[in-house]
Each structure stands twice: as C-alpha cells, then as structure tokens.
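One structure below.
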Amino acid sequence: MRLYNTLSRQEEPFVPSMDDTVRMYTCGLTVYNRGHIGNFRTFVCLDVLRRTLRHICHWRVHQVMNFTDVDDRTILGAQKVGQDLRTYTTQYVEAFREDAAALGLEPVEDTPRATDEANLEAMANLVHALERNGHTYRSDGSIYFRIASFPAYGKLARLDHEGIKPGARVDSDNYAKDDARDFVLWKATKPGEPTWDYGLGPGRPGWHLECSAMALRLLGHPPIDLHAGGIDLIFPHHENEIAQSEGATGTPFSRFWVHVEHLIIDNEKMSKSLGNVYNVKDVVDQGFRPSALRYLLLSSHYRKQLRFSWDTLQQADESLRRLVDALARLDTVTGEQAHPAITEALARGRVEFDEVLQADLNTSAGLAVLFDLVRVLNSAIDDGAMGEPDARAARELFGHFDRVLGVLSLRQQEDARPPVDPAEIDHLIEERQAARRRRDFAAGDRIRDELASRGIILEDGPGGTRWKRK
Ligand code: AMP
Ligand code: ZN
C-alpha cells in the first residue's frame, strides 16, 4: 500500500507498525447540525481507505472516529434552543448514524464523544502532562499551549515556508494570549456554559485537545499509524494536535497524515458557515438514492476537489445503474463451459483493481477497471461466449470490488427495500378509497400522484387496489 503522507508531502509505503492492526484516527463530526454531504465526502473516502486496508491489504483495522460534542458551536446551538448540551448534540449523533448507514459506511471500532467521562479525564491528564513539561501557561482561568515552547510547531502545515494562513478555525476567542498563535487547551467557564474541573479549574476542553486525548486513550502507544480528516483540518487543528500529543508524550503522534480534498459547490467549499450545504436527506428528497451519492463521493481521487451538482449526481446514478444492470445480466447466462478469455480478463481485472487502490487509493482508476470488465462481459454474453462458471467467477470478483467500494450491495439493498413503508402505503390506499367513495376524485388522485412521486404505482383491479414499485 502506498499513501500520500501530508507530513512528508510524498507518497510512501504504508504498513502498520504493530502486529497486523492499523491504528487509525478519523476526526469526526461536530454535532451541532446534521452532517452535510461535504463532511460525508471525507467520511466516504476514509471508509474506502478502511475497506482497502482490510480487504485488499488484509490487515485488521482499529479505527476511532469521534464526535465533537462540546465546542463554541455546539454550546451556542444548545443555548439557542434552550436544551442541555448532551440532549442537543445527541440528536445529531443519531442523524449521523442514520446517514452513515444509508451511505454504507462500515461501523468503526470506536465512536467516542468528547464529553464522555473517560475522555474528559484523558484530556485533563494530557493538560497536566503538558504543564509538567513546561508547554502551558494560565491566563484569566484558561490554560494555553505556548507555541514558542515547541520548536517543531508547524511541521505538518509547513508554516515556515507558507506562513500562517488564517484558517477557518483559527481560534477566534477573546481570551488573553501571550502570542496570537498560542491556542487554548482548557477554556475558563463563561456564564451559562457547561463546565468541568478535573483539577484544572472550572472550564471545558478546547477542540484540538479533544482529538489528541481520545486518539491516545483509545489507540494506545504513539505513534499511531494514521490520522485523517478533511484538508481544512491540517491547520490549525492537526498542527495543534501534534503539538499537544508530542509535547505531552515526547513521542511522534502519528506516522501518516491523510487529508481528503473538499467537496465544492458553485466554486466554493461546501460548508455550513457559507450556507451552501445539502445533507443526505435533501439528496433523498430530490429523488436520489444514497447509493448514487456514495458513488459520486468516491468516484474521483480523494486528493482532488470534487464538484457537486445535481447533474453530476444524476450521472453517478446512471453509471451505478450500468454496473448493477451488468451484474443482473450475468444471471441470464446458462452455458456450462468456462471460457479462458474471460478467466483471464477477470484475473487481470482483479490484479489491476488491487494495484490502483493500493496506489494512494485511486478509486477513479478502480472504477475504470470495473467498466472495462463490464464491456468485456457484455460482449461475451452478446456473442454467446460466456458460461455459468464464468458468470459465477465474475460475480465473485465484483463481490471483491464491492467489499472495497461498498456501493453495489448498497444499491441492491435499496432495491430490495420499498421506498415507502408498506404500512404507510396501505394507509394511503385506504384514504384514497375513502376519498373516492365521497366522490372527491381530486383528493384520490393527489394521493396516487404523491405515491407515484415516491416511487410507488397503484393499480386498481377487481380485487381492490394493489401497489408495486416504479
Ligand atoms: P466538522 O463537523 O466541521 O468538524 O467536519 C467534519 C469533517 O468533514 C472534517 O474532517 C472536515 O474536514 C470535513 N469537511 C468539512 N467540509 C468539507 C467539504 N466541503 N468537503 C470535504 N470534507 C469536508
Ligand atoms: Zn480532530
């Protein structure tokens, strides 16, 4: 496996450092809102990375993906609606789990929340270690990391060369700092905010501290193998995570840093603060299936920006349909003979697919391998040059591709599930019949049209009304 490492700005060979287990940390969602499809571009790409490590490299994976459930935005959101922080953030944790399942993300081993007791304790311990090592100072009840105490600061973002760019998330708090670049580890409590102590004084953790502490607590001895997130996290978030973790432990924090480029819409990063976001529900409400979205999000290389539009989503849907149709066509093959040309094409396809995925996760080249094979298989079926053993081998190979891509089986599962709950359909059929008995045919037609727009067709017959999928 070769992976581009942001730390070295190079592709490097990747193997886990301990046993056969890749220990990886993925920065998760800040739960002040339902995650948008830009967030999910990062999560889907990292899911494909996880699946590649498991199903092509045959390693075990211990992945931690956190929920940031305490920071300025979550606190503000909870205050606005008058809920306690935990209740407020829980609804978005649940929404994330729903969307993640709809997009076929493999469940990861650990999904800690920052405000879990054990994590807060780990954060406090990290601050104590930093204090002992002389990396902190206190001011107005808050504790800061002194960047001047850590000469390696800037090694990830290459600040010496590029200068400090004011990233979207440079701390914009108004606490007193000795140096503008210093960042807060523990924020003194403000009136009305949730507060903890753990021997640090009343306050709450800073965002960067959360990830360092959870990674070290759950993944064991540093360096961990891999730390990942969207590209906007390189600075300051990941730079600060390095300073905290290495300042506390004296050991490198992560061997590899992997960053996913942004999902773009109308030439801008999709982001909540710009207000140009769609979430998975919006996509479904527009009549698209989550599988089409997953296909789109993984279809281009993770280090290239990806433009979102409804047209590109439509094209993704059509491409996915071509693949699924080709698989269905294999079921029509009957001949008993295997054909060496097909055996050979399949073997070559498998090698190529595994190679391109291991070359820094080249998913677009991986999909090209699938489409090349589909052409070969379709023309063999047209020419009567395929037998049942070939079809079986092709299905098995596509099963392997899909363990990595996770998109064909997702589409098949969606197909097996009606788009509307059958109980709701029955209820609407009854309502429609009642409307027709009142001779309110307009109301009856509205119900039929509504179901049709949701993919359900009603058929009236002598035995009553039956439904089927569009
Ligand atoms: P947040 O909830 O803001 O902490 O973001 C969660 C994850 O989504 C982080 O890894 C971000 O880098 C990533 N992310 C945010 N916006 C985008 C985007 N437009 N495209 C890709 N990834 C994004
Ligand atoms: Zn993080």
Side-chain angles (χ1 to χ4, degrees), residues 6 24-49 63-74 77 89 92-93 95-96 99-100 103 105 108 110-114 119 123 126 156-157 167-169 183 205-219 224 226-245 253-254 257-280 293 296-298 300-309:
T6 307
M24 69 187 266
Y25 187 92
T26 309
C27 288
L29 196 65
T30 306
V31 277
Y32 74 119
N33 227 299
R34 194 172 198 117
H36 57 72
I37 61 177
N39 301 135
F40 279 100
R41 181 194 189 193
T42 290
F43 300 139
V44 165
C45 289
L46 296 176
D47 178 64
V48 176
L49 172 59
Q63 184 176 3
V64 178
M65 175 148 71
N66 72 293
F67 291 107
T68 300
D69 66 354
V70 54
D71 79 328
D72 294 345
R73 295 178 296 171
T74 45
T89 52
Y92 299 119
V93 170
F96 171 85
D99 293 343
L103 287 175
L105 299 189
V108 308
D110 282 306
T111 52
R113 294 175 64 155
N119 295 326
M123 292 168 210
L126 202 65
L156 180 70
R169 290 254 191 109
F183 60 91
W207 171 42
H208 316 300
L209 180 69
E210 299 174 15
C211 285
S212 290
M214 290 186 275
L216 292 171
R217 179 172 94 77
L218 291 160
L219 292 174
I224 64 170
L226 203 159
H227 196 123
I231 194 153
D232 53 307
L233 298 189
I234 296 175
F235 182 79
H237 184 53
H238 288 163
E239 195 67 59
N240 291 354
E241 278 195 50
I242 291 175
Q244 295 164 149
S245 308
F253 179 35
S254 178
W257 288 85
V258 170
H259 292 103
V260 179
E261 252 294 358
H262 283 148
L263 185 71
I264 299 291
I265 181 163
D266 299 333
N267 294 321
E268 279 187 307
K269 174 192 170 193
M270 182 175 284
S271 89
K272 180 76 182 112
S273 53
L274 294 173
N276 57 0
V277 296
Y278 295 112
N279 61 35
V280 174
L293 179 60
L296 175 65
L297 295 178
L298 62 72
S300 64
H301 191 253
Y302 77 93
R303 289 203 294 118
K304 293 206 179 99
Q305 288 188 343
L306 173 61
R307 276 169 206 289
F308 175 81
S309 70

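Note that this is a predicted model, so its numbers are computed, not measured. Each ligand, and each atom within it, is numbered from 1 in the order the structure gives.
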Quick one: side-chain contact (heavy atoms from CB on, under 4.5 Å) partners of [X], sequence neighbours excluded?
X	result
His301	Arg303, Lys304, Asp360, Asn362
Cys211	Tyr25, Cys27, Asn66, His237, Glu241
Asp69	Val31, Arg86, Thr89, Arg113, Ala114, Thr115

Is there a polar contact, in the sense of an N or O pair closer than 3.5 Å, between [X] and ligand 1?
X	answer
Gly230	yes
Leu263	yes
His262	no
Gly38	yes
Trp207	no

What class does the angle between the rings of His259 and His238 fall in, given that below 30° is parallel, 30 to 60° is tilted and above 60° is perpendicular?
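Because their plane-to-plane angle lies in the 30° to 60° range, the rings of His259 and His238 count as tilted.
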Whether Phe43 and Phe40 hold their rings parallel, tilted or perpendicular, with breakpoints at 30° and 60°:
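Because their plane-to-plane angle is over 60°, the rings of Phe43 and Phe40 count as perpendicular.
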Sub-4.5 Å side-chain heavy-atom contact between [X] and [Y]:
X	Y	answer
Ile234	Thr6	yes
Met24	Val108	no
Met123	Glu210	yes
Thr74	Thr68	no
Met65	Phe96	yes
His262	Thr42	no
Phe235	Leu156	no

When rounded to the nearest 0.5 Å, the distance separating CZ of Arg34 from OH of Tyr92 is 9.5 Å
Can you give me the closest heavy-atom contact between Arg41 and Tyr302, atom names plus distance?
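Answer, listing the atom of Arg41 first, then Tyr302: NH2-CA, 3.7 Å.
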[X] neighbourhood, listing ligand 1 atoms whose heavy-atom distance to it stays under 4.0 Å:
X	value
Lys269	16 (N), 19 (N)
Gly229	10 (O)
Met270	16 (N), 18 (C), 19 (N)
Thr42	10 (O), 13 (C), 21 (C), 22 (N), 23 (C)
Asp232	11 (C), 12 (O)

Report yes or no: does [X] have a heavy atom closer than 4.0 Å to ligand 1?
X	value
His36	yes
Leu29	yes
Glu261	yes
Gly28	yes
Leu233	yes

Inside 2.8 Å of the Zn ion (ligand 2) but strictly below it, how many protein N/O/S atoms are present?
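For the Zn ion (ligand 2), the figure is 3.
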Determine, considering heavy atoms only, which of Asn66, Asp71, Thr30 sits nearest to atom 2 (O) of ligand 1.
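The nearest heavy atom belongs to Thr30.
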